[in-house]
K.L.:
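Quick one: the structure is below, questions incoming.
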Amino acid sequence: MATGFSINEYPNVEQTYKDLRKLVSLPIRSIRKTEMENILQNYFEKKCSQSKAMITKASEYIPGGVQHNLSFNFPFPLVFTKAAGAYLYDLDGNKYIDFLQAGGPTVLGSNPTSVRKKVIELLDTTGPVTGLFHEYEYKLAEKIVELVPSVEMFRMLGSGTEACMASIRVARLATKKKNIVKMGGAYHGWSDQLAYGLRIPGTRHFEANGVPRSIFKYTQEFYPNDLNSLESVLKRNRFFGGTAAVLIEPVGPESGTRPLDLNFNKGVRELCNKYGALLIFDEVVTAFRIGLSGAQGYFGVDPDLTVFGKVVAGGYPSAGGLGGKKEYMKYVSAGLQTGTKKALIGGTMAANPLSSLAGYFTLCEMEKTKACETSGRAGDRLTKGLQKLIKKYDLPFVAFNQGSICHLETVGTMLLDINIKKFWTIKKTIAEAHKRKHAMEEMGAAYMSEGLVTLAGSRLYTSAADTDAVIDDALKRFDRVFQKVEGV
């Protein structure tokens, strides 16, 4: 067992997929209709009325009423006014256990005092942004190079999406090749070229609304856990411009929703070496959550480039960055042009003093307190407890985790398969996905009514603020939700 990481025991991937396939083959089991009506009427309508009123008003000025996908919850988004450690508080005064943790960046827990004090000091002096160099740009970069063995240089950017965009531009410049191959089902931000094969492998351009199909001329996908699928794409690309890079999430698509075999990353590394492609790890979620050396440290695989986000700014904005070997990072150097062609990269707010300082002190605090290990133990306790509840109520649900990244699949929306060779089945599969997505949203609403905030009702991030008492309290709440499921 590797030490210093969030993952104490890697999930049994073969058994997990067996359980997930069974879940998807069965009829949907969601909240009983009468119970759902009760939740909507007696919790959301009565206890969240101020949130509803504000979201209604916001909808007049903001499309859909919210600015970020994570904010949307069925039947309407709630308005949160306070975050502290393991808890969130909404506009109506309701208290929640926070398993969203802002989508993953707050491994220490929300709004940690040690980091907040440093941020306030900075606001009293430099302010949040100057557009000029600040010492914490250097300190954060130095810290990341110290922690992540494959990273020799680091460039801060505004978001994970920007960092993914930068990574493929650098790869093309470095290799003089054209194609980018990504793992099907993975999310690498919303840029044109990477809005391909989203959520469900094989979907290709189906979800890329507003993007001309011609944009994807040099983008392909391969199936998770299938090295033969990857090699066949790499072989084909040799005759059509070559492969500049293979881009993957090292724990699997959508933060490990489809978990990868333990040695899969090593196989991808070997294929990249064989075909002269750069290996890019998208560690937006996993860097500093799986461990301070990232998922690459856990798996023992060195990528050529690493995409950072979320934890890199400690939960503060402008969280994005690209790291890698000097021979590749020279293509993102700032300043006047030299003999080396540079990737077109920018961002007024990138590497602002506030985000750089917050990221630096967050990493220092995580290192000092062993936050990765603590949050991982909380993830293990939560997952094992959920597995017991699933067994107790004889439900087809599947719970598994990669340390502090926990999955609770009740319908398996993203585990459906698209078979491009049987194109006539695709429409039916997508319709089934939408139906299962709504059932997942209802489960999320039921969790919320019990004071549990999750990511889309299927993913949970634990933090170092999640004590045994917090987790045990959460499991009692999950127990009450499971009692309301059809057939229980």
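Atom set for the values below is all heavy atoms of this structure, side chains included, hydrogens, waters and symmetry mates excluded. These numbers were taken from a predicted model, which means no experiment stands behind them.
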K.L.:
Could you tell me which residues satisfy ring-ring contact (aromatic ring centres under 6.0 Å, His included) with F216, sequence neighbours excluded, listed by chain and number?
P.N.:
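Result, ring-ring contact (aromatic ring centres under 6.0 Å, His included) vs F216: Y196.
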K.L.:
Can you pull out every ring-ring contact (aromatic ring centres under 6.0 Å, His included) where at least one residue sits in residues 106-146? Sequence neighbours excluded, please.
P.N.:
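Non-adjacent pairs meeting ring-ring contact (aromatic ring centres under 6.0 Å, His included): H134-Y136, Y136-Y360, Y136-F361.
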K.L.:
For the residue pair L230 and L271, what are the closest heavy atoms and their distance?
P.N.:
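Scanning both residues, the minimum pair turns out to be CD2-CD1, 3.8 Å.
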K.L.:
Would E135 and K139 pass as an ion pair if we require N to O under 4.0 Å?
P.N.:
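Looking at E135 and K139, the cut-off is met.
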K.L.:
List for me each residue that meets ring-ring contact (aromatic ring centres under 6.0 Å, His included) alongside F308, sequence neighbours excluded, and say none if there are none.
P.N.:
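With sequence neighbours excluded, F308 shows a ring-ring contact (aromatic ring centres under 6.0 Å, His included) to F154, F288, given in chain and number order.
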K.L.:
Looking at residues at least two apart in the chain, or sitting in another chain, which of them share a side-chain contact (heavy atoms from CB on, under 4.5 Å) with K266?
P.N.:
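If we apply the side-chain contact (heavy atoms from CB on, under 4.5 Å) test to K266, skipping adjacent residues, the hits are N263, V301.
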K.L.:
Please list, chain by chain and in numerical order, all residues satisfying ring-ring contact (aromatic ring centres under 6.0 Å, His included) with Y328, sequence neighbours excluded.
P.N.:
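Applying ring-ring contact (aromatic ring centres under 6.0 Å, His included) to Y328 gives none.
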K.L.:
Mind jotting down which residue pairs meet the ring-ring contact (aromatic ring centres under 6.0 Å, His included) criterion with at least one end in residues 102-132? Sequence neighbours excluded, please.
P.N.:
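Residue pairs passing ring-ring contact (aromatic ring centres under 6.0 Å, His included), neighbours aside: none found.
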K.L.:
Got F478 and L382 here, is their nearest side-chain heavy-atom distance under 4.5 Å?
P.N.:
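In short, these two side chains touch, coming nearer than 4.5 Å.
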K.L.:
With a 4.5 Å heavy-atom cut-off, do F299 and L262 have their side chains touching?
P.N.:
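In short, these two side chains touch, coming nearer than 4.5 Å.
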K.L.:
Which residue pairs pass the salt bridge (Lys or Arg N to Asp or Glu O under 4.0 Å) test when at least one of the two sits in residues 302-314, sequence neighbours left out?
P.N.:
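Matches after skipping sequence neighbours: R269-D304, D304-K325.
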K.L.:
How close do T374 and A464 get, counting heavy atoms only, and between which atoms?
P.N.:
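Here T374 and A464 meet closest at CG2-O, 3.8 Å.
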K.L.:
Can you list everything that forms a salt bridge (charged side-chain N to carboxylate O under 4.0 Å, His left out) with K177? Sequence neighbours excluded, please.
P.N.:
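Listed in chain order: nothing, the list is empty.
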K.L.:
Tell me every residue that passes salt bridge (charged side-chain N to carboxylate O under 4.0 Å, His left out) with R169, counting only those two or more places apart in sequence or in another chain.
P.N.:
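Checked R169 against salt bridge (charged side-chain N to carboxylate O under 4.0 Å, His left out); zero matches.
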K.L.:
Salt-bridge test for E441 and K437: reply yes if a basic N is under 4.0 Å from a carboxylate O, no otherwise.
P.N.:
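Salt bridge between E441 and K437, a charged N being under 4.0 Å from a carboxylate O: yes.
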K.L.:
Which residues pass the salt bridge (charged side-chain N to carboxylate O under 4.0 Å, His left out) test with D468, sequence neighbours left out?
P.N.:
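Here the qualifying residues are R381.
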K.L.:
Could you check whether any side-chain heavy atom of K82 comes within less than 4.5 Å of a side-chain heavy atom of Y87, counting everything from C-beta outward?
P.N.:
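No, their side chains stay 4.5 Å or more apart.
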K.L.:
Could you pull out the closest heavy-atom pair between S167 and L322, with the gap in Å?
P.N.:
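Minimum heavy-atom separation between S167 and L322: CB-CD1, 3.7 Å.
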K.L.:
Check this for me: does any side-chain nitrogen of one of E283 and R289 sit under 4.0 Å from a carboxylate oxygen of the other?
P.N.:
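No, this pair does not count.
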K.L.:
Which residues pass the ring-ring contact (aromatic ring centres under 6.0 Å, His included) test with Y331, not counting sequence neighbours?
P.N.:
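By the ring-ring contact (aromatic ring centres under 6.0 Å, His included) rule, Y331 matches no residue at all.
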K.L.:
Under the salt bridge (charged side-chain N to carboxylate O under 4.0 Å, His left out) rule, collect the residues that match up with R477, sequence neighbours excluded.
P.N.:
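R477: salt bridge (charged side-chain N to carboxylate O under 4.0 Å, His left out) contacts with D473.
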